[in-house]
Student: 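Shown below is the structure under consideration.
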Protein chains: 2
Amino acid sequence: MTPTKKTPTIYDVAKLSGVSIATISRVLNSPDKVNAETHKKVMTAIDRLGFVPKAEARARAMQGTGRIGVLTPFFTAPSFVQRLRGVAASLSKANYELVIYPVDSLDHLQGHLSSIPLMKNVDGLIIMSLAIEDIDAKRLSASGMETVLIEYKHRGMNSILIDDEHGGNLVAEYLIQKGHKTFAFLGDIEPPEKFSIHPVRSRLKGYKQTLQDAGFSLPKSNIHSAPYTQKESREAAFEILQLPKPPTAIFAASDFQALAVMKIARQLGIKIPDDMAVVGFDDIDVAEHVDLTTISQHLDESGRLAAEVLLSRINEGGRPLQHVNLPLNLIERATA
Amino acid sequence: MTPTKKTPTIYDVAKLSGVSIATISRVLNSPDKVNAETHKKVMTAIDRLGFVPKAEARARAMQGTGRIGVLTPFFTAPSFVQRLRGVAASLSKANYELVIYPVDSLDHLQGHLSSIPLMKNVDGLIIMSLAIEDIDAKRLSASGMETVLIEYKHRGMNSILIDDEHGGNLVAEYLIQKGHKTFAFLGDIEPPEKFSIHPVRSRLKGYKQTLQDAGFSLPKSNIHSAPYTQKESREAAFEILQLPKPPTAIFAASDFQALAVMKIARQLGIKIPDDMAVVGFDDIDVAEHVDLTTISQHLDESGRLAAEVLLSRINEGGRPLQHVNLPLNLIERATA
DNA sequence: AAGCCGTATGAAAGCACTTTCAGTTTAACA
DNA sequence: TGTTAAACTGAAAGTGCTTTCATACGGCTT
């Protein structure tokens, strides 16, 4: 019917450039595996012919899409970013693409969760710091979409967990051992949105528990809640520092908020750690810069791990579900 | 090994309905050519298995959501992250997916640059802080892939530019006006990798120029180069601060490195800004936290803008190329 | 000189379907 | 009853690509 020139295939390119089709494929998919000269020859041929690989054939031959999706709260907090970095590191090593779905509302989350399994345009999913509902979990596993949850547990899905409560314990122990007698807490413990998780409450719980077990009290007046914003964190910090009987130790449930405390303290001429001790949580990059004593939750590592668990589930059939509990440890620096 | 329920293929349907795969295919593609009873049997099996021809699913997925790719140096620097955040904000508003290609070697970059336009699995591309070669640019535009460059200029491609040299001018002007007489510089000005850009050199150039124009000198001994790492930045900061005739003002070409200076200064008991002024560059999140005087290059905004330019080029035919120059301004805080 | 390594390549075996081709029923007609 | 056209059907041959496996080649070491 059509005696005219068909659209060029990989075979045409191979013939023109004098190599085998395998090499063409390699030039396109793993260029680092082919000699620079060959690469150039092939690219020339490709350009000359205007060759475009047929997506459909490609998808067929490849056992998947080579893409991993990450659902993450819209990345505003440094800790998310740092996790993401870990994920990116693992994926790029394994030659997977990273597709990011920022979530900033329940609708958003629901939309993604319902469309992703249908579209199947990713081979696996990492859900970071988001609470998912039973029905979504079911949909995901029914459609065979491998998923790893970070910071949230669901039977039937892999998860990477942080023992926030234990983190709270660690902080309290440390402060007690340092000889402190009066304590405060700053964190975001407002009733969260439906889809969000509340690690901060667990941190508080552990903190309080250990304090009480040791015979210390954490009065209501010393527990201040502030949303995760610059302004409000500072206001809360200000309130704590202006308390009639100011505590000698503050646990801020995130490094970000610990920074706020440090800043206000400086403004008020309160010396850290002499007048007051501050301990944060997360160990984000800057913590080290400002010498903040904090709980490291190995953010990079948790991302890396999530990606690795996911890939192993995808590529090695029938690996069992994993619930990894990441260790937490206190990093002693200059603020407490 | 384990017969995990992979997505069903045409073979599974064939087995379940007791006919050959060809028949299944016919039921799907030319139903009038198959017996009504067979047709029903097959349909039942298809429903039972939830079978969806893969190609179809993929095609649907492809046309549905748009996808934008971002090529970025492997995200280690806070400034990249902050830009990315801007990009993500715009894209998610416009319902585009964000695919990230971290680049950590020239090979990586080349590989992506040659395969992305061909595969056409993204609708547009944002290339952040990477130098691209002529030939790549040509290939990109030849294949009709819309592209926006950030921090690098190439005729024929949209770009979002930062006037780093002017940033250097601003810093010098400010410091001079504050009455400083002796100056230093800290930044990474080593010969960079082939694919990387060198904004830091421009910053230095502008700084030096303005100083000289005003009759001040910036001796070689006061220009220290250090790679963008914690350790080496601190070592360099230490050297500067230990100079026999220490300068009264330091321009650190990135906030990250300014933090290093501040830290070492604190260790040495040097008061900032009384004994010494420090100005950074970037205005990353933490700059505000630590009250660092710095040059804001509107990182979030640059990312947002890049995404917007890209989307407008994609969706509204024939928009002209844009070379946007982002304004830079000095944010006066407590360190200078 | 023999052994060993690492890189670069091609042959060939998939992948999930579609299509062709030849064979089998079935049904209708002489 | 014998013929034959029509209606189905499955085996097998593509389709355009990826990936595994094996080989070849140029160093290096002993």
Side-chain angles (χ1 to χ4, degrees), chain A residues 1-2 5-43 45-46 49-67 94-97 120-121 123 144 314-317, chain B residues 4-43 45-46 49-62 105 107 110-111 114-115 118-121:
Chain A
M1 195 84 205
T2 26
K5 53 172 181 205
K6 315 270 295 176
T7 69
T9 76
I10 199 172
Y11 290 92
D12 301 320
V13 180
K15 205 172 298 169
L16 185 71
S17 48
V19 298
S20 80
I21 60 164
T23 301
I24 310 295
S25 176
R26 268 186 292 254
V27 166
L28 262 20
N29 299 296
S30 31
D32 45 323
K33 280 185 184 152
V34 355
N35 180 298
E37 244 174 66
T38 313
H39 183 276
K40 195 182 286 178
K41 257 194 330 206
V42 170
M43 284 317 276
I46 286 181
L49 292 175
F51 166 73
V52 176
K54 291 197 100 192
E56 194 229 294
R58 184 161 198 271
R60 189 191 321 138
M62 273 188 316
Q63 284 251 95
T65 60
R67 249 188 291 251
N95 242 330
Y96 272 81
E97 280 180 9
K120 285 206 204 297
N121 47 0
D123 297 338
I314 290 174
N315 298 322
E316 302 156 35
Chain B
T4 43
K5 48 174 179 202
K6 304 278 288 184
T7 63
T9 77
I10 200 170
Y11 288 93
D12 301 319
V13 181
K15 204 174 296 169
L16 187 74
S17 49
V19 300
S20 82
I21 60 164
T23 303
I24 311 295
S25 178
R26 267 186 294 261
V27 167
L28 261 21
N29 298 299
S30 33
D32 49 321
K33 280 183 182 154
V34 1
N35 179 297
E37 235 173 78
T38 313
H39 183 276
K40 191 183 287 180
K41 256 195 328 203
V42 170
M43 284 315 271
I46 285 182
L49 292 175
F51 166 77
V52 176
K54 247 196 171 176
E56 204 177 300
R58 201 182 144 82
R60 227 204 324 268
M62 280 307 203
S105 71
D107 280 356
Q110 281 303 334
S114 53
S115 67
L118 291 176
M119 301 300 183
K120 289 208 201 289
N121 45 7

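Throughout, protein chains are lettered first and strands after them, A, B, ... in sequence-line order, and every chain is numbered starting at 1.
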Student: Test of understanding: with side-chain contact (heavy atoms from CB on, under 4.5 Å), list the residues that count as partners of A:Ala61, not counting sequence neighbours.
Tutor: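 A:Ala61 satisfies side-chain contact (heavy atoms from CB on, under 4.5 Å) with no other residue.
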Student: Between A:Arg60 and D:dT15, does any side-chain N or O lie under 4.0 Å from OP1 or OP2?
Tutor: no
Student: Return the value, rounded to whole Å, for the distance between atom NE2 of A:His39 and atom P of C:dT7.
Tutor: 17 Å
Student: Whole angstrom is fine here: how far is it from CG in B:Asp32 over to P in D:dA7?
Tutor: 11 Å
Student: With the side chain of A:Ala61 defined as its heavy atoms from C-beta on, choose the nearest nucleotide among C:dA8, D:dT18, C:dA11.
Tutor: D:dT18
Student: Need one value for A:Val13: base, sugar-phosphate or nothing, where a base atom within 4.0 Å counts as base even if backbone is also close, heavy atoms only.
Tutor: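 No contact.
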Student: Which angle, to the nearest 10 degrees, lies between the helix axes at the two ends of the helix from C:dA2-D:dT29 to C:dA30-D:dT1, each defined by five pairs?
Tutor: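 Taking five pairs per end, the axes differ by 50°.
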Student: Please tabulate, for side-chain N and O atoms in residues 16-30 of chain A, each donor-acceptor pair with protein atoms closer than 3.5 Å (sequence neighbours left out).
Tutor:
residue : atom : partner : partner atom : Å
A:Ser17 : OG   : A:Val13 : O            : 2.6
A:Ser20 : OG   : A:Ala22 : N            : 3.3
A:Ser25 : OG   : A:Asn29 : ND2          : 3.3
A:Asn29 : OD1  : A:Arg58 : NH2          : 2.5
A:Asn29 : ND2  : A:Ser25 : O            : 2.8

Student: Check the distance between C:dT20's P and B:Ile21's CD1 and give it to me in whole angstrom.
Tutor: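 Interatomic distance, CD1 of B:Ile21 to P of C:dT20: 15 Å.
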Student: How long is the straight-line distance from CZ of B:Phe51 back to OH of B:Tyr11, given to the nearest 0.5 Å?
Tutor: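 Reported to 0.5 Å precision, the distance equals 11.0 Å.
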Student: Rounded to whole angstrom units, what separation is found between the CG atom of A:Asn35 and the P atom of C:dG6?
Tutor: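 Going from A:Asn35 (CG) to C:dG6 (P), I get 18 Å.
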Student: Strictly below 4.0 Å: does B:Thr38 bring a side-chain N or O up to OP1 or OP2 of D:dC8?
Tutor: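 No, no such contact exists.
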Student: Can you tell me how far the CG atom of B:Leu49 sits from the OG1 atom of B:Thr9, to the nearest 0.5 Å?
Tutor: 9.0 Å
Student: Which of residues 22-29 of chain A have a heavy atom under 4.0 Å from DNA chain D?
Tutor: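 Hits under 4.0 Å, by residue number: A:Ala22, A:Ser25, A:Arg26, A:Asn29.
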Student: Hey, could you give me each pair passing side-chain hydrogen bond (donor to acceptor under 3.5 Å, both in side chains) that has a residue in residues 33-42 of chain A? Not counting sequence neighbours.
Tutor: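 Residue pairs with at least one partner in residues 33-42 of chain A: there are none.
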Student: Check the distance between D:dC17's P and A:Leu49's CG and give it to me in whole angstrom.
Tutor: 12 Å
Student: When you match A:Val34 and B:Ile10 each to their closest nucleotide on DNA chain C, which lands nearer the 5' end?
Tutor: A:Val34
Student: Between the protein and nucleotides 22-26 of chain D, list the N/O to N/O atom pairs that are separated by less than 3.5 angstrom.
Tutor:
none

Student: Ignoring backbone atoms, establish whether A:Thr9 has a side-chain N or O less than 4.0 Å from OP1 or OP2 of D:dG16.
Tutor: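 Answer no for this pair, as no side-chain N or O of A:Thr9 is under 4.0 Å from OP1 or OP2.
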Student: For the pair made of CD1 in B:Ile46 and P in C:dC17, what is the distance, rounded to whole Å?
Tutor: 10 Å
Student: Once you round it to whole Å, what is the distance between C1' of C:dA12 and OH of A:Tyr11?
Tutor: 10 Å
Student: Can you tell me the distance, in whole Å, between the NZ atom of B:Lys33 and the C1' atom of D:dA6?
Tutor: 14 Å
